[in-house]
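Below is one structure; the comments refer to it alone.
Keep in mind it's a predicted model, so treat the numbers as computed, not measured.
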Amino acid sequence: MFDTLSDRLAATFKNLRGKGRLSEADIDATAREIRIALLEADVALPVVRSFIANVKERARGVEVSQALNPAQQMIKIVNEELVSILGGETRRLRFAKTAPTVIMLAGLQGAGKTTLAGKLGVWLKGQGHSPLLVACDLQRPNAVNQLSVVADRAGVAVYAPQPGNGVGDPVQVAKDSIEFARSKQYDVVIVDTAGRLGIDQELMRQAADIRDAVSPDEILFVVDAMIGQDAVNTAEAFRDGVGFDGVVLSKLDGDARGGAALSIAHVTGKQIMFASNGEKLEDFDAFHPDRMASRILDMGDLLTLIEQAEKTFSQEEAAKMASKLSSSKGGKDFTLDDFLAQMEQVRKMGSISKLLGMLPGMGQIKDQINNIDERDVDRTAAIIKSMTPKERAEPTIINGSRRARIAKGSGVEVSAVKNLVERFFEARKMMSKMAQGGGMPGMPGMPGMGGGPGRQKKQVKQAKGKRKSGNPMKRKAEEQAAAARREQAAQGGALGLPAGQDDKNFELPDEFKKFMG
């Protein structure tokens with residue numbers, strides 16, 4: 001969503017590199033480029049004005065003029081101001097002292113409230129809560145049925161006493177759901193309210209009546225991140241008509257310009273609390289302004305990546321794999337079965353392109369990341385699963401006939417099987433070297449990242465000795481001279497001096513004496 005903004009900001013900061021100090025003209029030019037980038041991203045004009053004024057004021061201050069690298073200091077200022085307009089610190093859910101905690105969802109029709117109710121239910125379930133989804137959207141056709149299906153997929157309970165489709169009183173359903181939750185020991189109630197195609201008095205009145213009936217601990221305004229400036233207008237209308245405590249951005253994985261996300265927290269004074277960034281129920285998490293700012297500036301989001309890895313990988317399995325790779329056998333205990341298990345764990349974390357996008361600097365190879373074929377993982381898994389248990393444990397036995405059988409079983413070319421096995425051996429060797437503290441291969445001389453002793457020995461071996469002459473007579477003479485030198489050295493003293501010369505009486509040549517002073 002923020003690709004265009006990221007590209008423009010990256011190009012702006014590139015022009016600052018190499019400057020020892022920033023002149024007034026440099027600051028004005030940078031501020032102008034940032035203003036254009038924000039306006040193109042559909043950020044609200046009041047937000048742009050405030051942002052640029054703060055950046056220019058700080059850029060002219062002491063923190064830049066006395067900085068060792070003004071360009072980096074400028075990036076730091078922009079990063080901090082982005083975090084500020086995105087809401088500052090991460091806002092957490094407030095839970096009631098006495099269960100159940102009531103969370104009310106409000107927003108326009110089509111914003112994704114019903115699906116988001118299921119995502120929030122999955123997220124709360126993962127936090128150790130027992131949520132209950134309540135169907136209070138009784139106007140939209142099949143809204144109640146949709147919520148029931150979403151709740152079933154999410155593995156959470158649903159309270160839907162009315163069929164909907166224009167039948168039933170949503171205020172009464174909301175009231176009754178609180179007692180139902182208490183009786184069934186549900187500690188969080190998520191109320192899904194009705195939306196409309198536009199802001200109208202009937203919607204506001206109904207939402208206000210439900211609010212008064214259940215006294216929610218949190219009212220979350222769900223906004224489609226793709227609707228641009230209208231999201232801000234809608235948010236202001238809801239804030240004035242019903243009131244809300246936090247914002248949830250849906251459809252953050254879209255290709256819109258993303259100005260709503262950068263504007264809504266600043267304009268309404270209410271922080272963004274959650275973000276939905278995919279179609280799956282698991283594609284939902286707390287919104288962290290600092291991490292979003294880092295992504296926009298192509299600094300990556302390693303904290304989110306680590307959190308996702310911790311959710312997916314078990315400590316026990318990770319330790320088991322590490323011990324196999326660091327064993328004295330050079331990682332040969334690590335089999336294709338282990339490789340397949342690791343690959344499937346990574347797949348559970350989400351799409352490969354999304355994971356790579358969280359690494360710093362990946363914006364420079366954005367096109368390559370977007371062109372990654374996620375089906376390659378499935379093809380690799382099919383190849384491994386077409387092997388016998390013995391072949392997975394000992395890939396070295398896979399010969400031509402076995403490759404042909406595996407290729408036929410997995411529906412790929414024979415070359416694909418050959419390439420997979422070769423890549424596995426290379427990857428196992430590299431991972432084993434890293435696990436044993438050898439670092440990344442191919443980078444000698446760097447502690448922890450050296451090429452390792454094997455590579456250095458190979459280089460020494462290649463450099464050892466002189467090339468022998470092709471003339472038999474000349475080669476024989478060279479060999480005799482070399483043998484004489486070896487014999488002379490063997491008969492010499494501790495320093496390898498010529499025979500008959502005493503080590504103690506040895507003096508350096510005059511040239512060396514002058515050099516040594």
Side-chain angles (χ1 to χ4, degrees), residues 278-283 305-359 362 365 368-442 452 454:
E279 296 179 2
K280 295 179 182 177
L281 291 175
E282 295 79 17
D283 294 336
L305 188 62
I306 291 166
E307 286 175 2
Q308 290 187 6
E310 286 176 342
K311 288 178 189 175
T312 307
F313 289 88
S314 69
Q315 294 286 344
E316 186 180 343
E317 281 296 316
K320 185 179 175 184
M321 296 298 176
S323 64
K324 285 187 175 185
L325 288 167
S326 59
S327 67
S328 57
K329 297 181 181 179
K332 291 183 180 178
D333 291 336
F334 188 81
T335 66
L336 278 166
D337 279 320
D338 299 323
F339 181 67
L340 178 62
Q342 291 280 302
M343 195 167 57
E344 289 175 343
Q345 293 278 13
V346 171
R347 190 63 184 270
K348 285 180 185 176
M349 290 174 62
S351 71
I352 305 298
S353 55
K354 276 187 183 179
L355 296 178
L356 289 174
M358 293 182 191
L359 297 175
M362 288 295 107
I365 54 169
Q368 293 92 315
I369 291 174
N370 292 336
N371 290 329
I372 290 175
D373 189 354
E374 301 286 341
R375 292 173 298 179
D376 281 343
V377 178
D378 298 327
R379 294 188 192 101
T380 302
I383 294 171
I384 296 174
K385 288 176 180 177
S386 297
M387 299 177 184
T388 64
K390 188 174 182 182
E391 288 168 345
R392 292 182 211 170
E394 301 176 35
T396 50
I397 67 171
I398 299 177
N399 53 24
S401 60
R402 288 176 184 266
R403 279 197 292 269
R405 191 203 77 246
I406 294 166
K408 191 174 181 182
S410 54
V412 298
E413 298 291 331
V414 176
S415 59
V417 180
K418 183 174 182 290
N419 290 338
L420 170 63
V421 174
E422 288 176 353
R423 288 204 316 270
F424 169 72
F425 285 136
E426 289 173 5
R428 184 172 70 177
K429 184 178 178 182
M430 184 186 74
M431 289 189 293
S432 174
K433 197 173 194 60
M434 291 172 67
Q436 293 171 12
M440 290 289 286

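Between Ile406 and Ile398 the shortest heavy-atom distance is CD1-CG2, 4.2 Å. Minimum heavy-atom separation, Ala382 to Ser410: O-CB, 3.6 Å.
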Show me the donor-acceptor pairs within less than 3.5 Å that the side chains of residues 414-421 make with the rest of the protein, sequence neighbours left out.
{"from": "Lys418", "atom 1": "NZ", "to": "Glu422", "atom 2": "OE2", "distance (Å)": "2.7"}
{"from": "Asn419", "atom 1": "ND2", "to": "Ser415", "atom 2": "O", "distance (Å)": "3.2"}

**Request:** Please step through side-chain contact (heavy atoms from CB on, under 4.5 Å) for the pair Arg402 and Arg405, ending with a clear verdict.
**Result:** CA-CA 5 Å; Arg402 288 176 184 266; Arg405 191 203 77 246; 4.0 Å; yes

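To the nearest 0.5 Å, atom CD of residue Glu391 and atom CG of residue Asn399 are 8.5 Å apart. Taken from CE in Met387 to CZ in Arg403, the straight-line distance is 10.0 Å, to the nearest 0.5 Å.
Shown are Asp338, Asp337, Thr335; of these, the side chain to side chain donor-acceptor pair (under 3.5 Å) with Arg392 is made only by Asp337.
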